[in-house]
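A short worksheet on the structure shown next.
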Amino acid sequence: MRSRGSSPLAFGVLGLLATAFTAVVVVAGLTGGDDVEAPAAPGSGPMATEGPGPEPIEGAEVAPPSFRPPQRLNLGSAAGSRVALAAARRQVVDLRTMRRTDTAARLKRNPLYGTGVMLPTSCRAPRPSTRSQDMLAYLDAVSACLDRAWAGKFSQAGAVFQAPRRVYWSRPGRGPCGTYPAPNTAAYYCPANRGMYIGLGHVIEQTGGRNPAGNHVPYLTVLAHEYGHHVQSMAGIGGAWWWEVSNRSKAAQNAYSRRSELQAQCLAGVFARSVRTPLAITGSRWQEVLESEYGRGDDQNGAGLRDHGSGEHFAAWIHQGWRYAKVGYCNTWVVPASQVS
């Protein structure tokens with residue numbers, strides 16, 4: 001999470017989004033290997049999420065970005081694939097296990113991409129408030145819904161799934177990825193122990209004190225984004241992208257980081273759509289989410305970093321997941337760089 005800038009939010013830009021996201025639905029096999037487990041993600045620190053951003057400007061509106069339907073790409077045959085053979089034999093595979101030569105395939109042709117629409121998820125959650133105990137009850141209930149939804153997707157893919165650890169903190173502490181709270185960081189995922197870390201008070205502060213009783217959805221999407229990083233870790237995506245660029249330039253690492261962060265955004269949108277009815281995610285509440293997500297972009301927060309994506313794309317990719325509700329449409333690893341800038 002990074003500090004906020006004071007520049008006004010050009011929310012109308014989203015309505016003019018010209019680039020079409022060509023995320024794909026792919027049912028393709030992956031090559032297995034020597035059972036060498038990739039590192040879960042960068043070991044130097046947590047994958048941190050910024051707060052959902054400042055309060056929207058009064059009267060400002062964000063038009064949901066327009067998309068053309070994603071196109072199917074020919075990314076190869078599943079013939080001879082260890083993953084495909086395991087699926088045919090009803091075996092469960094651990095997608096975190098791969099050879100160094102398998103990393104590109106794990107990113108671009110992951111079995112999760114072929115699991116179709118995330119069906120509606122049964123979910124009940126109490127109303128949150130600014131009180132820590134109420135926020136804890138809400139986040140814990142939504143986490144249980146995330147567990148069920150994503151366990152189902154991994155089961156469809158014939159892959160191992162383990163739920164993440166939940167660490168909701170109100171006092172300073174330390175974990176494998178460092179101390180918390182970290183500056184301007186209300187939530188992050190730590191791949192070292194598969195832990196989601198969320199500050200019960202900090203997450204409210206980082207939204208400018210947004211009343212969770214009035215609209216709980218921005219808090220749901222912060223949680224679902226961090227859970228998206230866990231999905232990436234369990235799918236081998238977290239380890240694969242870091243193996244791809246760990247020895248390359250900072251610019252290359254930032255480019256892959258943006259693809260990772262924007263994929264987590266899309267996965268958050270997929271889940272949000274699956275609980276749209278039971279958790280009352282109305283159109284106006286989703287509109288407020290888009291405003292918040294726009295404000296979290298690299299070009300909006302004044303931090304001068306380029307590792308999460310522009311405000312336009314940060315809002316566009318979560319809406320991509322919301323609109324299509326398919327994991328395959330969150331394949332940020334095959335789209336042009338201009339769509340993950």
Side-chain angles (χ1 to χ4, degrees), residues 2 17 19-26 28 30 38-42 44-50 65 67 70-71 73 75 95-96 98 100 102-113 188-189 191 221 224-270 293-294 296-301 305-322 324 326-341:
R2 300 192 291 272
L17 183 63
T19 57
F21 283 78
T22 53
V24 300
V25 179
V26 179
L30 300 173
S44 58
M47 291 182 183
T49 281
E50 307 143 333
F67 300 89
Q71 300 173 1
L73 301 182
L75 296 178
L95 295 175
R96 295 170 296 178
M98 72 190 96
R100 294 293 286 263
D102 295 336
T103 55
R106 197 66 94 239
L107 295 173
K108 298 177 180 180
R109 302 194 295 274
N110 201 287
L112 278 183
Y113 299 153
Y188 66 88
Y189 177 70
T221 53
H225 175 100
E226 300 310 332
Y227 207 105
H229 285 311
H230 178 67
V231 170
Q232 291 172 318
S233 181
M234 292 300 304
I237 293 170
W241 83 258
W242 186 242
W243 261 5
E244 287 266 292
V245 294
S246 58
N247 295 321
R248 295 172 60 186
S249 67
K250 183 63 175 176
Q253 292 174 9
N254 282 344
Y256 269 59
S257 177
R258 290 193 296 272
R259 291 183 186 271
S260 173
E261 292 294 337
L262 293 171
Q263 182 173 57
Q265 279 290 90
C266 187
L267 297 177
V270 167
E293 299 305 314
Y294 183 89
R296 294 168 64 187
D298 291 332
D299 56 341
Q300 298 298 314
N301 55 44
L305 299 176
R306 294 286 291 113
D307 58 358
H308 276 60
S310 68
E312 185 177 18
H313 287 159
F314 220 67
W317 277 101
I318 197 170
H319 189 67
Q320 168 92 337
W322 168 267
Y324 293 110
K326 292 184 178 182
V327 181
Y329 287 13
C330 296
N331 191 350
T332 57
W333 306 100
V334 297
V335 300
S338 61
Q339 296 178 3
V340 286
S341 65

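The analysis underlying the following values was restricted to heavy atoms, covering all of them including side chains, and did not include hydrogens, waters or symmetry mates.
Using modelled atom types, no side-chain atom of Glu293 and backbone atom of Ile318 make a donor-acceptor pair closer than 3.5 Å. A donor-acceptor pair under 3.5 Å is formed between the side chain of Asn110 and the backbone N or O of Ala235. Arg306 places no side-chain N or O within donor-acceptor distance of the main-chain N or O of Asp298, the cut-off being under 3.5 Å. Judged by distance alone, the side chain of His313 and the main-chain N or O of Ser341 form a donor-acceptor pair under 3.5 Å. Looking at Tyr227, its side chain never comes within 3.5 Å of a backbone N or O of Ala264 through a donor-acceptor pair.
Taken from NE2 in His225 to CG in Leu262, the straight-line distance is 8.5 Å, to the nearest 0.5 Å. Between the CH2 atom of Trp317 and the CD atom of Gln339 there is a distance of 6.5 Å, given to the nearest 0.5 Å. Here CG of Asp102 is found 11.0 Å from CG of Leu95. Values are rounded to the nearest 0.5 Å. Distance check: Leu267 CG to Leu112 CG gives 8.5 Å after rounding to the nearest 0.5 Å. How far OG1 of Thr103 is from CH2 of Trp242: 13.5 Å, rounded to the nearest 0.5 Å. With rounding to the nearest 0.5 angstrom, the OG1 atom of Thr332 is 10.5 Å from the CD atom of Gln320.
For Gln253, there are no side chain to side chain donor-acceptor pair (under 3.5 Å) partners at least two apart in sequence or on another chain. Every residue two or more places apart in sequence or in another chain that forms a side-chain contact (heavy atoms from CB on, under 4.5 Å) with Val270 is listed here: Met118, Cys330. Not counting sequence neighbours, the partners of Trp333 by the side chain to side chain donor-acceptor pair (under 3.5 Å) test are Gln263. Scanning for side chain to side chain donor-acceptor pair (under 3.5 Å) contacts around Ser310 gives an empty result, with sequence neighbours left out.
Applying the disulfide (SG to SG under 2.5 Å) rule to pairs touching residues 234-265 yields nothing, sequence neighbours excluded.
Minimum heavy-atom separation, Ser260 to Trp241: OG-NE1, 3.5 Å. Of all the heavy atoms in Ala240 and Met98, the pair that sits closest is CB-SD, 4.1 Å. What you find for Asn331 and Tyr113 is that their closest heavy atoms are ND2-CE1, 3.3 Å.
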inquiry  = Run the side chain to side chain donor-acceptor pair (under 3.5 Å) test on His319 and Gln265 for me, step by step, so that the C-alpha distance in whole Å, both residues' side-chain angles and the decisive distance to 0.1 Å come before the verdict.
reply    = CA-CA 8 Å; His319 189 67; Gln265 279 290 90; over 6 Å; no
